[in-house]
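As the structure is a computational prediction, the values presented were derived from the model and not from experiment. Start at 1 and go down the list; that is how both ligands and their atoms are numbered. Computed from heavy atoms alone, side chains included, the values below leave out hydrogens, waters and symmetry copies.
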Amino acid sequence: MTSPMTNAPHDRLLIIDFGSQVTQLIARRLRELNVYCEIHPYQNITPAGLAEINPRAVILSGGPASVLDQDSPRVPENLFAMGLPVLGICYGQQVMMHELGGTVERGHGTAEFGRAFVSPALTSLDLLNGWFAEGDEQVWMSHGDHVSQLAPGFEVFGTSPNAPFAITADLTRNFFAVQFHPEVHHTPKGAKLYENFIRLAGFKGDWTMGAYKDEAIAKIRAQVGDGKVICGLSGGVDSSVAAVLIHEAIGDQLTCVFVDTGLMRQGESDEVVGMFRDNYNIPLIHADESELFLGALDGQSDPETKRKIIGKLFIDVFEKHAKSVGGAKFLAQGTLYPDVIESVSFSGGPSVTIKSHHNVGGLPDRMDMTLVEPLRELFKDEVRALGRELGLPASFVGRHPFPGPGLAIRCPGEITRPKLEILRKADAVYIDQIRKHGLYDEIWQAFVAILPVRTVGVMGDGRTYDFACALRAVTSVDGMTADYYPFSHEFLGETATRIINEVAGINRVTYDITSKPPGTIEWE
Ligand code: XMP
């Protein structure tokens, strides 16, 4: 997934990926600690490749396999003889024990999924500095198999009711192995464990977002050469950051295409085109394709069908403009890591697709442009940091995310122009309320969804029969999980009154109090 940057000047940490859904969170925790890391799938790492990468330390990720299965994933055979500090997580722990002479057994009632509490052993461990000050520590488990006998040289430093070897280490060799996932938020002291590990391994912690920017620019140049690139601009933070980054890398080999799908919010097209024309000298095509998109969506109400139609039309439009700029071979997109993980399984295998995010899974196979996705390993807040590094205006970097399929996925059921117009007006009032109350920056994302339901109301002594809408506002760190925002009742009441008074066509307002999971942020 992450390609090697063998000329990078930083101490390098290698993450060997066994296919866990949260491997990128390990990378993220390390970037937060200013450590440069590379993720390589286990099958790509040969003993010679390992020596060439020359890491200062290695982390073995979790993964869905069982070491007890034939042909299950393994580490390169020279890894444990290189004298490097190694941290094994979940499957990584099991593979370590299995390779080094311990025993792993199948679940048989000891599988653990979710929250667990680890208690300390008698001896302390530097890896656990800062842990256990207030008693047992909460961790997040997700394992079927478990270690039943430690490899020679290992001792136990923490146990949980179902994982007697929750935290283990071989201190003479600097090998550490844990059964839980320290990279997820539900292991509150997990970041501390990584911090201790990189300190033990002697990392200087001198890697920055500025360095990430330089490396990303070098990668874009290497991928694109002297080819032409078009970049789909949606007005969101991601595509804007991708565009400015790529422009820094290859200058006017880049042309941006802003596609007005007819599914934009009120005033959005002018705002985005204006912001790019006023601030950047990047060639920009403003393509009004609203007839095309709304025509194709006419009568469609299935969420995945809508997403696929939109994804296909985006490609048609991009291909048209690729020709118009003299044959662009590359299409750039602001795809982020959460888009990737929720749209396709890591290994391309049969894991569950939650939604076909238009900039990943919704793309038709026939597309004959190569994708340039420089943000594919980043989370939203990291993209914002990169945007600041690139000098994007603060107001722009702080914008709430807006999805590629736009208002289509906020209009469950059939999409009609009158419904979109009502939705735009209601959304504008809602966002105005949020700004007036100074809440915009506290909220990850807020929007209105217009529901495919009409309800009866009474206004000015007359009967109304209009649409109901739902307000959505969530807090989140990365869009992978979210909580609804706890507005005051006064705020909600005032906003509902304003929407009903100011927006013809809506006579009922509800507030969506679903977290993610089990809900998703968007309604479709
Ligand atoms: P969900 O609804 O999946 O959304 O919880 C998580 C975040 O992703 C955004 N989102 C998209 N962004 N193309 C995008 O560029 C898409 O197809 C898409 N679908 C959802 C959503 O707005 C939220 O920020």
Check: I521 N/O within less than 3.5 Å of ligand 1 N/O: yes
Distance-only N or O hit between ligand 1 and R307, under 3.5 Å: yes
Minimum side-chain heavy-atom gap I310-L297 below 4.5 Å: yes
Proximity to ligand 1 by part of P403, non-hydrogen separation under 4.0 Å: both
Beyond-backbone contact of E183 with L30, side-chain heavy atoms, under 4.5 angstrom: no
Part of S234 with heavy atoms under 4.0 Å of ligand 1, whether side chain, backbone, both or neither: neither
Residues Y212, Y36; criterion ring-ring contact (aromatic ring centres under 6.0 Å, His included); working and verdict: CA-CA 9 Å; Y212 187 92; Y36 174 75; 8.8 Å; no
I409, any N or O under 3.5 Å of ligand 1 N or O: no
Ring center gap for Y511 and F487 short of 6.0 angstrom: yes
Close-contact set for ligand 1 against T520 heavy atoms, below 4.0 Å: 1 (P), 2 (O), 5 (O)
ring-ring contact (aromatic ring centres under 6.0 Å, His included) contacts touching residues 222-266 (sequence neighbours left out): F258-H286
Those atoms of ligand 1 less than 4.0 Å from some heavy atom in K516: 1 (P), 3 (O), 5 (O), 6 (C)
Ring center gap for F447 and F402 short of 6.0 angstrom: no
